[in-house]
Enquirer: 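I'd like to ask you about the structure that follows.
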Amino acid sequence: MRGGLLRLAAVMVKEVRQLSRDRLTFGMVLGMPLMQMLLFGYAINMDVRDLKTAVANQSGSMLSQRFLSDVRQTQVADIIITTDSPQSLENLLRRGEISVGIHIPSDFDRRLTDPNRPAAHLLIDGTDPTITAVANQLTSLVPDAPSGLTATRHIEVRPYFNPEQRSAVNIVPGLLGTILTMTMMLFTAVAIVRERERGNLELLINTPVSTPELMVGKVVPYILIGLAQVALIVALGQLLFEVPFAGTIGNLYLGAVVFITANLSLGLLISTVARTQFQAMQMTFFVMLPSILLSGFMFPFEGMPAFAQFLGECLPNTHFIRIARGVMLRGADVADLAGELRSLGLIALVALGLAMARFSRRLD
Amino acid sequence: MSSPEQTAIRATGLSKQFGQLRAVSDLSLEVPRASIYGFLGPNGSGKSTTIRMLCGLLEPTSGEAHVLGLPVAGNASRLKARIGYMTQKFSLYGDLSVRENLSFIASIYGLAGRRARERINELQRRYDLVEQQTQLAGTMSGGQRQRLALAAAVLHQPELLLLDEPTSAVDPRSRRDFWACLFELAQAGTTILVSTHYMDEAERCHYLAILDRGVKVADGDPEELKRETGMHVVEVLGGLVGELQETLSDASDVFSVTQLGISLRVLLPTRCGEPEARVRALIDPVDRGARVRLVDPSLEDVFVSATRSPSR
Ligand SMILES: Nc1ncnc2c1ncn2[C@@H]1O[C@H](COP(=O)(O)OP(=O)(O)O)[C@@H](O)[C@H]1O
Ligand SMILES: [Mg+2]
């Protein structure tokens with residue numbers, strides 16, 4: 001037992017020493033979160049904005065004016081032309097001078113309370129899907145208005161029309177999980193392959209060091225690094241995007257420890273399958289892509305087909321994003337997170353178990 | 001040399017198949033304790049594969065090996081503490097210093113605190129690494145790295161050392177020093193199995209096995225091997241070396257002809273009675289000026305006679 005602890009400590013000390021001398025990896029630990037946050041932060045601010053817009057307001061009522069001023073405030077549409085008829089809007093669109101045309105019929109006020117007729121028309125340049133998507137945000141408001149609501153209530157659209165804030169708030173917890181997935185998995189995915197490539201493994205497996213000692217010794221130092229990354233990302237999120245933090249940092253760290261362990265274990269599993277460091281990286285990206293697409297980071301989880309949801313449930317990132325959003329945005333406590341923590345723990349155990357079982361103490 | 005206490009390694013019929021390739025075939029050997037046993041063979045002859053089977057890194061396709069009295073199959077982990085293995089490629093950590101590498105190995109073998117420190121100091125002194133102790137292993141010369149690897153392999157005072165081409169990246173002077181260390185270890189009772197493709201190193205071994213394409217073609221102590229080549233060796237010193245070589249190679253009773261600088265070494269099976277006269281007769285039509293004399297077989301001749309099929 002004492003020998004086991006000594007060997008475990010020896011592997012950890014060795015890993016830390018090597019890591020402290022590996023400037024590339026070290027740079028990745030700090031650089032990756034910084035770069036991703038700035039990159040995504042920039043992308044968040046670059047959410048399609050200032051679409052060139054023309055308005056044909058045939059009503060001219062108070063309500064229509066206020067509606068237009070709200071549209072302007074969203075910054076999604078930049079009203080550059082005012083014209084008088086839907087036909088001229090069509091012409092402008094066709095010539096590519098505008099991307100969005102807003103037609104407000106003369107009976108706008110009356111239509112607002114009429115469930116059967118749209119209050120206004122939105123003409124959009126359908127060739128660019130990003131424009132379509134953003135302009136759809138505008139559309140969905142007007143025709144979706146339930147009957148019986150007053151007009152003022154109807155135009156009260158501010159929270160919806162605040163993509164800047166809304167996406168940052170949702171993206172930072174997602175980004176936290178995604179960055180950790182990327183760095184943590186990559187660290188351990190190349191860890192054993194690298195020792196194999198450099199020939200260290202042939203010596204190691206000929207010593208009394210056991211497989212669990214080797215695996216755990218490689219995982220533990222990276223857990224600490226991962227936790228440091230969590231602190232960095234959360235701090236950047238607050239500093240750059242004023243992301244709120246409703247819950248307690250302790251709960252986030254609890255989730256992060258289990259999540260990081262799951263990712264490191266998956267990395268180790270990759271490391272026992274891959275033959276070269278390059279293969280290990282390829283396999284990591286193979287897991288990375290669904291971790292971005294199917295985890296609810298990019299697209300709402302509920303909107304995905306059942307099979308994609310099932311795949312998503314198998315990925316640590318999916319569970320951690322729920323935990324991070326829960327803690328950071330809703331102030332969720334441990335009881336709320338228990339299910340997700342269990343799933344993460346299960347993934348970690350299965351991956352680590354498989355990695356140990358697959359790790360061969362022979363060369364053939 | 002047959003009782004288990006006196007035999008460090010006994011292998012019978014060891015074979016290893018890699019797909020279509022038979023890397024080692026039906027190899028048997030017996031290595032006495034406290035001796036230096038050499039594996040001599042060109043690259044690809046199966047030296048590393050055999051060593052790996054002996055320490056349990058590779059599973060033999062057939063045959064079995066007993067190491068330090070235990071069958072390797074099923075005892076690999078028990079044997080690890082009693083075997084020191086120096087891989088062909090440097091396998092310590094290039095990004096750790098000499099001392100860090102040694103303390104890592106010390107902890108792995110259960111040595112901690114003062115005992116570890118003392119053992120490491122002792123090894124650094126013995127293997128002339130004191131000045132390099134804070135240097136990263138990756139930045140050291142070939143000779144220094146070999147000494148470090150040997151220090152790491154003997155740190156836990158193993159009964160058996162398996163050294164796979166330990167001197168292939170080392171200058172002649174370091175090689176000599178390295179062999180001095182090996183003799184010292186053998187003197188102290190360690191059994192050493194060392195692979196090499198250098199004749200002069202093979203010459204120093206107590207016992208030798210010559211491997212060729214996975215087959216053991218000869219074994220014994222170097223002197224005995226030289227005595228029992230079954231060949232006469234005739235040296236031809238003369239002018240038209242190229243033409244002489246051609247003529248001699250064409251003769252059906254000449255086993256092989258090798259050029260060494262300005263001389264030729266001709267091997268003739270011992271069944272030809274008068275080797276000098278026979279060679280004289282062959283070369284006279286080409287060059288009467290060449291001198292001919294009978295010499296003692298060298299290990300190189302042993303190697304050639306054991307590995308080469310008779311000349312065409
Ligand atoms: N893991 C392996 N897979 C396939 N072939 C191998 C493997 N290891 C060695 N070989 C082949 O077996 C033969 C013997 O190799 P090796 O034992 O390394 O020779 P040596 O150490 O004498 O140079 C070579 O032809 C080599 O290519
Ligand atoms: Mg070899």
Side-chain angles (χ1 to χ4, degrees), chain A residues 1-28 187 190-218 220-221 275-277 356 359-364, chain B residues 16-19 23 48-49 51-61 72-73 76-97 99-113 115-116 136-138 149 152-153 155-156 158 162 164:
Chain A
M1 190 60 220
R2 205 189 73 89
L5 286 180
L6 188 62
R7 287 192 292 271
L8 182 63
V11 175
M12 290 189 327
V13 167
K14 183 214 88 174
E15 287 295 323
V16 170
R17 278 185 173 142
Q18 286 185 304
L19 190 69
S20 70
R21 278 171 204 155
D22 181 357
R23 244 182 289 158
L24 193 72
T25 306
F26 213 70
M28 203 166 85
F187 280 149
V190 298
I192 286 175
V193 188
R194 187 171 49 208
E195 299 221 0
R196 192 192 301 280
E197 275 187 342
R198 292 187 186 165
N200 310 130
L201 205 62
E202 185 170 353
L203 177 123
L204 266 189
I205 58 181
N206 243 312
T207 68
V209 73
S210 71
T211 306
E213 285 155 10
L214 195 62
M215 299 267 168
V216 176
K218 275 182 175 298
V220 171
R275 300 250 129 230
T276 62
Q277 288 194 61
M356 285 190 196
F359 182 72
S360 167
R361 300 192 60 86
R362 289 212 311 263
L363 293 174
D364 55 355
Chain B
K16 183 68 190 178
Q17 188 89 27
F18 290 119
S48 299
T49 304
I51 290 178
R52 286 170 175 156
M53 287 193 285
L54 291 177
C55 59
L57 276 180
L58 289 176
E59 193 175 18
T61 310
V72 175
S77 60
R78 205 163 322 157
L79 283 170
K80 284 182 206 307
R82 300 171 63 193
I83 300 179
Y85 174 42
M86 188 169 155
T87 50
Q88 179 169 354
K89 198 178 152 212
F90 181 70
S91 55
L92 288 163
Y93 295 94
D95 47 2
L96 294 186
S97 72
R99 205 177 175 86
E100 287 165 352
N101 267 306
L102 290 176
S103 10
F104 174 65
I105 299 292
S107 310
I108 291 295
Y109 283 103
L111 229 55
R115 277 176 55 223
L136 296 189
L155 191 141
H156 60 295
L162 303 172
D164 196 358

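The shown structure was predicted, so the numbers you read here are calculated from the model rather than taken from an experiment. By convention in this document, chain letters (A, B, ...) are assigned in the order of the sequence lines, proteins followed by strands, and residues within each chain are numbered from 1.
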Enquirer: Which bit of A:L204 is near chain B, if near means a heavy-atom gap under 4.5 Å: side chain, backbone, both or neither?
Expert: side chain
Enquirer: Let me know which of A:L6, A:T207, A:L203 forms a side-chain contact (heavy atoms from CB on, under 4.5 Å) with B:I108.
Expert: A:T207
Enquirer: Counting heavy-atom pairs under 4.5 Å with chain B, which one of A:L363, A:N206, A:V209 comes out on top?
Expert: A:N206
Enquirer: Tell me, for B:T87 versus chain A, whether the close heavy atoms (under 4.5 Å) come from the side chain, the backbone, both or neither.
Expert: side chain
Enquirer: From A:R17 CZ over to B:F104 CZ, what is the distance, rounded to the nearest 0.5 angstrom?
Expert: 10.5 Å
Enquirer: Is chain A contacted by the side chain of B:T49, its backbone, both, or neither, given a heavy-atom distance below 4.5 Å?
Expert: neither
Enquirer: Of the options B:R52, B:Q88, B:K89, which is the one that meets A:E202 in a side chain to side chain donor-acceptor pair (under 3.5 Å)?
Expert: B:R52
Enquirer: By a 4.5 Å heavy-atom criterion (distance strictly below it), what part of B:L79 contacts chain A: side chain, backbone, both, or neither?
Expert: neither
Enquirer: If I take atom CG from residue B:L57 and atom CD1 from residue A:I205, how far apart are they, to the nearest 0.5 angstrom?
Expert: 5.0 Å
Enquirer: Could you tell me which portion of A:R198 (side chain, backbone, both or neither) has an atom closer than 4.5 angstrom to a non-hydrogen atom of chain B?
Expert: both
Enquirer: Quick check on the interface: out of B:S91, B:A112, B:A149, who has the most heavy-atom pairs with chain A under 4.5 Å?
Expert: B:S91
Enquirer: In terms of heavy-atom proximity below 4.5 Å to chain A, should B:F90 be classed as side chain, backbone, both, or neither?
Expert: backbone
Enquirer: I need the A:M12 CE to B:S107 OG distance, nearest 0.5 Å.
Expert: 11.5 Å
Enquirer: Which answer fits A:E213, side chain, backbone, both or neither, if we ask what part of it has an atom under 4.5 Å from a heavy atom of chain B?
Expert: neither
Enquirer: Crowded around A:R362 CZ? As in, over 12 foreign heavy atoms under 6.0 Å?
Expert: yes
Enquirer: Counting only N and O atoms by type, is there a donor-acceptor contact under 3.5 Å from the side chain of A:K14 to the main-chain atoms of B:E100?
Expert: no
Enquirer: Tell me, yes or no, whether the heavy-atom count around B:F18 atom CZ, taken from other residues, nucleotides or ligands under 6.0 Å, exceeds 12.
Expert: yes
Enquirer: Are there over 12 heavy-atom neighbours, none belonging to A:R21, within less than 6.0 Å of that residue's CZ?
Expert: yes
Enquirer: Identify which part of A:V11 has an atom lying under 4.5 Å from any heavy atom of chain B, answering side chain, backbone, both or neither.
Expert: both
